[in-house]
Undergrad: 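Can you keep this structure in mind? I'll have questions shortly.
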Amino acid sequence: MAFLELDRVAKQFGAQTVVDDFSLSVGKGEFISFLGPSGCGKTTTLQMIAGFLDPTRGAIRLEGKDLIAIHPAKRGLGIVFQSYALFPHMTASENVAFGLEMRNVPRAERRERVRAALAMVGLAGYEDRHPRRMSGGQQQRVALARALVIKPSVLLLDEPLSNLDAKLREEMQIELRQIQRTIGTTTILVTHDQNEAMSLSDRIVVMSHGKIEQIGTPQQTYERPASAFVSQFLGKTNDFAGTIDRAATPSQLVAGSWSAPAPAGLNGAVTISIRPERIGFGDAGLSAKIVTRIFQGNHWLFQCESECGPAIVIRQNDGAAQPVEGEAVRLTWRPDDMSVRARAGA
Amino acid sequence: MAFLELDRVAKQFGAQTVVDDFSLSVGKGEFISFLGPSGCGKTTTLQMIAGFLDPTRGAIRLEGKDLIAIHPAKRGLGIVFQSYALFPHMTASENVAFGLEMRNVPRAERRERVRAALAMVGLAGYEDRHPRRMSGGQQQRVALARALVIKPSVLLLDEPLSNLDAKLREEMQIELRQIQRTIGTTTILVTHDQNEAMSLSDRIVVMSHGKIEQIGTPQQTYERPASAFVSQFLGKTNDFAGTIDRAATPSQLVAGSWSAPAPAGLNGAVTISIRPERIGFGDAGLSAKIVTRIFQGNHWLFQCESECGPAIVIRQNDGAAQPVEGEAVRLTWRPDDMSVRARAGA
Amino acid sequence: MRRNGPLALVFHTIFVIVMVAPILVVCLVAFTPEGFLSLPTNGFSLRWFRTIAQYPEFIHAFWVSLGLGALSSFVALLFAVPAALAIARYRFRGRDALAALFLSPLMIPHVVLGIAFLRFFTSVGLGGSFAALIIAHVIIVFPFALRLTLAAATGMDRTVEMAAVSLGAGGWTLFRRVTLPLILPGVISGWALAFIQSFDDLTMTVFLAAPGTETLPVRMFLYIQDNIDPLVTSVSACVIAVTMTALILLDRFYGLDRVLAGKGDPGR
Amino acid sequence: QQKTLYVAGYGGSFEKTIRDEVIPAFEKENGVKVEYVAGNSTDTLAKLQAQKGNQQIDVAIVDDGPMYQAIQLGFCGKLDGLPAADLYDTARFKDDRAVAIGIVATGLMYNTKVFKEKGWAPPTSWNDLKDTKYAKQLVIPPINNTYGLEALVMLSKMNGGGESNVDSGFKIFKEEINPNVLAYEPSPGKMTELFQSGQAVIAVWGTGRVQSFANTGFPVDFVYPKEGAATLLTTACPINKPNASPLASSFVKMLLDPKIQLVMLKDYGYGPVLKSLKVPPELGKMAPIGERAAKLYNPDWTTINEKREEWTKRWNREVER
Amino acid sequence: MSAVAEERGARAPWALTAPALMLFVGVLLIPLAMTVMLSFHDWGQYKGIEPVFILKNWREIATDPYYAEMFWRTFRIAILTTLLAALLGAPEAYILNRMSGRWKSFFLLVILGPLLISVVARTLGWALLFGGNNGLVNKLLMSLGVIRFPIPFMFTETGMVVALAHVMMPFMVLSVWAALQRLDPQIENAAMSLGAGPVTIIRRIIMPQIMPGVLSGAIIVFSLSASAFATPAIIGGRRLKVAATLAYDEFLNTLNWPLGAAVATLLLVALVLIVVGSNALIERRYAEVFR
Ligand SMILES: Nc1ncnc2c1ncn2[C@@H]1O[C@H](COP(=O)(O)OP(=O)(O)OP(=O)(O)O)[C@@H](O)[C@H]1O
Ligand SMILES: Nc1ncnc2c1ncn2[C@@H]1O[C@H](COP(=O)(O)OP(=O)(O)OP(=O)(O)O)[C@@H](O)[C@H]1O
Ligand SMILES: [Mg+2]
Ligand SMILES: [Mg+2]
C-alpha cells in the first residue's frame, strides 16, 4: 500500500486553478522530485501535503489515514521552505534546536544533535549567529539543518539547495541521499535543477500548469518523455524537419545531407528529435556551421546553424580538439538515438 | 582605463573580516562573475559597489570618480537582490515601473517598457499581481525585470536566477547576454552555478574567505586553476597518488596499473590531478570497480573504487553502452590532461 | 491563514462583551424617559436626544473636537514619523534621551500639563487661542504617533528600501513611495490613537479652552458639574453613532482592514 | 467702544441661567459683549493664579471658601456702590472686595424613596451621620470643599470644640463616621450619580444642589439638622487688573437685582441676599429664607482660614485614607 | 539610505528629529522647566506662590510617608493594569489578526469604539455596571456562581484596575496589531511543521517577534495609567488617591502649586526612569527583533 497518497488533489486561488487532478502514490522511503516550470504549482502542492493550504478538492492520505484532518503540528513532517522561514529572533542553533525541544529531547542530547546537524551543513562556528547576519546560502543551510535534525519520516524540501555552490550542493545531496537511505525517510524534493532531480530521485514528477505531465524514473522521463513538453523541459532537444522517402529502396529518412533507413509506419514530412549530446561531429551528415562555442567546464556547448535550422551540440570536454566558431562541420547521429514523429501542419 | 575599479577593498563586521584586499578592474561592457563558496563575501562585495555598505578600507571608482562619495540613489546601477526585495505593496508592473518613474519616463513609454520587460521574463498576464501571491520563481523574475527595465550602465546581479528551472534559466541567460551586448551594460553576476558563470562571463572571479583566489577567463580558471582550491571548487577533480620512477628508461610515472612517461622536474611521490571528464574506460590503465552509476541527463556520473582510491568519471550520454554498477573497468587518460605535483607529506 | 480555535473564539467573545458593556449601558441609559440615570430603565423615550437640540453648544463643541483632533494628530504625525524613523534605524548618541523626551507627554499628569501650558501660553500672548490648543494637543498626542510608527519601522525589511534606492529613489520619493507604504499600518494606527486621544482629552483642555474653543469633553464635563443627567449619555450615544457611521462608510469605500493593515494584501 | 467682558463661573444649569437671564440684558444695556468662561470654583481660581499679572477674566463667580482665598491672594478688585443697607451682613466681605449673590444652607440630603422602603425615619441631626445603618451609603464632600468643612466645624462645635479647636470633630470623623462613608466626593455631578445609581442614600450637601437635584424628579429631600445648618455663600467679585473695566462691578451688581435673585432662587435654590425681597411661597420650600436664614450658623471664616491649610493636611492623612 | 545609515550619516538622525526636537524644546521643555522651577518655590494659603528657591516641598515629599504610600499605590495600579492589558490585549490582537477581512474590521471597530466616547461617559458606564453590591456585574457573577459575595468594585483598587484596563485596552490591541502585520506567515508554518502547538507558537515564535508592539503598548498603557486622573478620580474616589489625583488636588483644590509641581516632577522622573529602563532592557533582550 502506498505510504503517502495524493488522490485527485486540486487547489484554486480565487477563480484560478493552480493545481488540478494531482494523483500520486509515494512508497515508504521513496525519493520523489517535483520538476516543472516556475509557477506550475510545485510549492502549492507541497504546502498542501504539509497542511498549510487546504486542497479545494481531493484527498491526501498518509498510511491510509486522511492527512487533511490532522493538524500540521501533528504530522511530524520535516520541511524546508523556499523562503527559508527562519525564526529571525533565534540564533542558528536555537533555530535548529526548536524541533527537538518540541519533541522533548533532553538538553544534552539536543545540544549534541544540533551541533552535529550544523556541522553537517558546514556551519560549525555559526551556532550563535542570528539569521539576519548570515549570507543567503548560510541561511538556507540552517533551514536544511532545522528540517533534518528531527529525523522526520517525511521530508518536504522546497528548493533547499538553490543558493548553494556546486560543491556544497553536491555534499548536501549526498547527505540527503544518505539520510534518506539510513532512516528510510520518504522525501519529496522540489527543485529547478534537473541534475539534482535526476541524480537523487527514485522517481520524478514533471508538472506543467498544475497538472502532472509524467511520472517516471529519471531515465524514463529523460529518454522516453511522455510528451513534447517533457522532452523540451528535461534537457535540450533538437528538432529537425525531415522527410521519409518511400520511393527509394530501402526507403530513406532524409534531413538535409543526412540520411538513414526510414523507420516503419511513418510517411512524408516528419520531425526528428535528437538530444544534443547524442550528436557527433563526423565526416558525413547534416552540414552546419558553428555559430557560438560555449565553454561549460566539463563539456562544450555548440550552437550551430545547420541546413535544417539551428542545432545544439554538446561534447564532453575530454581534451580532444574541438571545432572553433565559424568552422564548417557535419553533424551525425545514430538512428537509435533519435525519435521521429509526423510533422504537424506539414 | 578601467571602467569600474575596486582598489584593495576590505569590509569588517565587528571584528570579523568578511572581505579583504579585494582589487578588481572591470572594463566597460565586461561581464564578470563572482564565484565562491557560500559565505565567502560575494553579496557583501556587491553591496559595497551598490553603496549599501561602506568599505572599511579601500576605494571604489567608477570612470575614475570615487564612487563612495556618491549617494546610492545617484549611482544609476541596476540591482537584483538575493532576497528579491520586491515592494510588497505594489503589483508586479508597479514594481517594474518604479525605476522608470524615478527617471521621469513619460507614462505611455513607461507602460510599454514595463509590458515588454515583464513579457521578456515570461510574466505577461501577471502585471497586476502582488508579490505575495506569486511563486518564488515568479518573484525572482519580477526582480530581474525591475533591474533590467531601466537599462542601467552597470548591472549587479546577486543570484538572479537561482529559483528558475533550467529552461527558463537559459532563456534568461540569453536575455542577459543580449542586453549586455546591445546596451554595453557592464555586468557583475554573483552565482553559485558554475555553468552559468562559465557560459556567460568574460572573466570569473573566484573568491574564498573574502579573498580573491583567481581572476581569469572561464577556460583559464577551469583548466589552469591558480590553486588547489580553485581546481577543487570549479568542477570535480580526481587526485591519485603516484610515483615517478627515474630508474626506468625512459623514466616512468606510475599510478597503480597505469603508467606513462614521466614529466620533467619532479621525483618520488606525486599527486596526479585529473578531471573526471578526461578519464575514459579502456582496455589498459588503472583498474577500478564501478560503485555507483548516476544518470544525469546528458551525461553519466560513475563513482569508482580504484587501486589508488576513489575516482569519479563522467561520460557523455551519447547512446553508447555504459559500464554497469559492480563492473570491473580500466581507467585511462592522456598525459596532457593531467597535472602532476609533488605530494605533500609523502 | 489558520482559523481561530473554539477557545480563541470564546475568549474573543468574552473580550468583546466586556469591551462594549459599559458603552452599551451608556447607550441604553440614553433612551430613558426619566430625568436621571437609572438602570434598568423602565420605558423608552427619545426625550434626551431631543434635549440635545436645546444645547447648540454641544454640537458646536463636537465640531471643535473633531477639527482639533484631526488637525493636531495630523500635525503630530508630520513631526513624529521622521523622528520615529531616525530612532528606529540609527544608533546615535542621545537616542535614548530623545526617545524619552518624545514619550514624556505620556507621563505627565495632564492637569500639570494644562497648568504649565496655560502659564506658558499666557506669558507668550497666545492664551485662550485655538492655536495654543492645537500646539498643546500636538504635544500630548505625539507619543502615540511616535510609538506606533516606531513599532512598524523597527525590523522592517531594509533590502526593499535598498532596492528602491538602487532604482534612483532618494529622500522624499523613497519615503513616499516605499517607506511610508511599508510602515503605513503603524502610522495609521498611530494617527487613530492620536486622534482619539485628542478628541477625548479633558483634563488638560479644561485649562486651555476658551469660550468658542470648548471641546466636547469640556462641554460635557461642565454640564455634569452640578447634575449628571441622561443628556451626557445621549450625547455620547450620538458621538458613537456618528463615528461608527463614518468608520462604516470608510470601510465600505476603502476597506478598514486595508487602512489598518496597509495596502499590499497579506495573501496566503 | 465694543469691548469683551469675560465672566468666569460655574457651568451646567447655572451657566444656562446666566446666559439666558443676565447676559443679553447686560449686553444691551452696556453695549458690550460678554463671554462666559465656564468652570468650577477651583478651575476658575487656578486660571486666575496661572494668569496672574496678565488676567483675562473680568468677573469671577465662585464659592465662598475659594473667594476668601482669591481675596487674600489679591485677585479681587473693589466693588463700589453696593446696596449695603439691603444686604444681609453675612453676604458682605471685608472692604467689599466681593459680595454674596446667593445663600445656601449646608445640611443633610437623603433619598426619600429608599428611606420609605426601608422604613427609616428621615435624619434629623448631624449625629445621624454616625448611624451604622448607613454603612457605605453616606457621601460627604471633602474638607477642601465648604460643605465638608462645615460638617467638620458643626461636629466639633457639638462636641465641645469649634472653629478654634476641631480635634473632637476629627476624632468623630475618623472613628465613627468614616466607616459609613462610601466616598468623600466634591463633585456635585458625581454626588447625584451616586444617588442615582443607588449606591448612596444620605449625604451632606447644600440646599441649592438638593433643590436642583430634586427638580429633575429624583426623590430626595433636604433636612435642616436640629443643631443648625451652616451658611454657605455663592459669591462674585470683579477681578483686580490694570485698566479694569468698571463694567465688571456693574455686572456683579446686576446679579443682585431682585429679578435675577428670584430667578436664581427658582432655578438654582439660592436664598436671596436682599432683605427686602419678597419671596413667593411656592419658591421657598427648601432654600434658607426668612426664618430659616436667620437660624443659620455662620462659621468664623477668619479663624478657619488661618487653620485651613493645616486641617487639609490633617484631613488627607487621617480621614481620607 | 538605511543600511548606509548605520555607518554613515552622523547627521541624518539629527536632521530627521530636528523638527520634533525644536517643537518639544519650544513648547514642552520650557513649560516643563517652568514647572520644575515651580517645585522649588514657596507657597502659603494667603500669600500665594513666592518665587524663592527652597527645598521645602521636596523635603516634605521625602520625609512624609504619606507620599510614599501614594506613589506606591500609583505604580501598583499601573503595573497591574499594564499586565492585565497585555495579557488580554495581545491575544485578542492575535485572534483578530487571524479573522477574515470582514470580521476583522468589524471587531477592530468594536474594540476601538470605547476610545471614541469621552472618558467621563465611559467611566460612568462602569460606575453604572459596578454600582455597589447590586450592580449588574456582581449580579451576573453571582448568578453564574463565580462568586458567592458581591465584590466591591466602586472605590476599590480592583475597580480602578478593571476600569483602567478597559480604557487602555485599545492602545494595547492596536499596538500589537500593528506589529503583527509584519510577521511572515511562513514562519508560523515552519514552527508548526516542527511540531509546535498553538501555545508554543505564540510563546516562542510570535511573542518575541511582536515584542516591539507589546512594548509600545505597555509603555503607553503604563504611562497613561500611572498619570491617569479621570478614572482613578471617579472609580477610586478621594480616599484612594494616586499621584495624579494628588497633584490635581494640590493644583486645583489647595492651590499649592509648588507642592503639586514637586509631586508631578517626581512622577515624571520616576516614569521616565522606569520606561526608559525597561525599554532598554527589553530592547537588549530582543535585540534581533529590533534590528
Ligand atoms: N550583517 C552582518 N553581520 C555580521 N556578519 C555578516 C553580516 N552579513 C554577512 N555576514 C557574514 O559575512 C560573510 C559573507 O557574507 P556574504 O553575504 O557576503 O556571503 P555570500 O558570499 O554572499 O554567501 P552566499 O552565497 O551564501 O549568499 C558570511 O560569513 C556572513 O555570515
Ligand atoms: N496566494 C496566492 N494567491 C493567488 N495565486 C497564487 C498564490 N500563491 C501562488 N499563486 C499562483 O499559483 C501558481 C503556482 O504557485 P507555486 O508557488 O505553487 O509555484 P511553484 O511551482 O512553486 O513555482 P516556483 O518554482 O517559481 O517557486 C503561480 O502562478 C502563482 O502565481
Ligand atoms: Mg515555489
Ligand atoms: Mg549572498
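Chain letters run A, B, ... following the sequence lines, proteins first and then strands; every chain starts at 1. These numbers come from the heavy atoms of this one structure, side chains and all, not from hydrogens, waters or symmetry mates.
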Undergrad: Using non-hydrogen atoms only, which part of A/Q138 is less than 4.5 Å away from chain B: side chain, backbone, both, or neither?
TA: both
Undergrad: Against chain B, label A/N163 side chain, backbone, both or neither, depending on which of its atoms sit under 4.5 Å from a heavy atom there.
TA: both
Undergrad: Of all heavy-atom pairs between B/N195 and A/H299, which one has the smallest distance, and what is that distance?
TA: ND2-CE1, 4.0 Å
Undergrad: Tell me, please, which residues at least two apart from A/E170 pass side chain to side chain donor-acceptor pair (under 3.5 Å).
TA: B/K236
Undergrad: Just do the side chain to side chain donor-acceptor pair (under 3.5 Å) check on A/N317 and B/R278 with the steps written out, would you?
TA: CA-CA 7 Å; A/N317 178 10; B/R278 295 294 172 102; 2.6 Å; yes
Undergrad: Given heavy-atom pairs under 4.5 angstrom as the criterion, report whether the side chain, backbone, both or neither of A/R334 touches chain B.
TA: side chain
Undergrad: With a 4.5 angstrom heavy-atom cut-off, which part of A/S135 approaches chain B: side chain, backbone, both or neither?
TA: side chain
Undergrad: Please determine, among B/Y126, B/F233, B/W333, the option with the most heavy-atom pairs under 4.5 Å with chain A.
TA: B/F233
Undergrad: Please state whether the side chain, the backbone, both or neither of A/R315 comes within less than 4.5 Å of a heavy atom of chain B.
TA: both
Undergrad: With chain A as the partner chain, list the residues of residues 197-204 of chain B whose heavy atoms fall under 4.5 Å from it, by residue number, and write 'none' if nothing qualifies.
TA: B/M198, B/S199
Undergrad: With no hydrogens and no angle check, do the side chains of A/Q194 and B/D165 hold a donor and an acceptor under 3.5 Å apart?
TA: no
Undergrad: Give me the atom names and distance for the closest heavy-atom approach of A/R141 to B/S38.
TA: NH2-OG, 2.6 Å
Undergrad: Run the side chain to side chain donor-acceptor pair (under 3.5 Å) test against A/E213 and tell me which residues pass, sequence neighbours left out.
TA: A/S227
Undergrad: Among B/Q232, B/E196, B/K42, single out the residue with the greatest number of heavy-atom pairs under 4.5 Å to chain A.
TA: B/Q232
Undergrad: Who pairs with A/E159 by salt bridge (Lys or Arg N to Asp or Glu O under 4.0 Å), at least two apart in sequence or on another chain?
TA: none
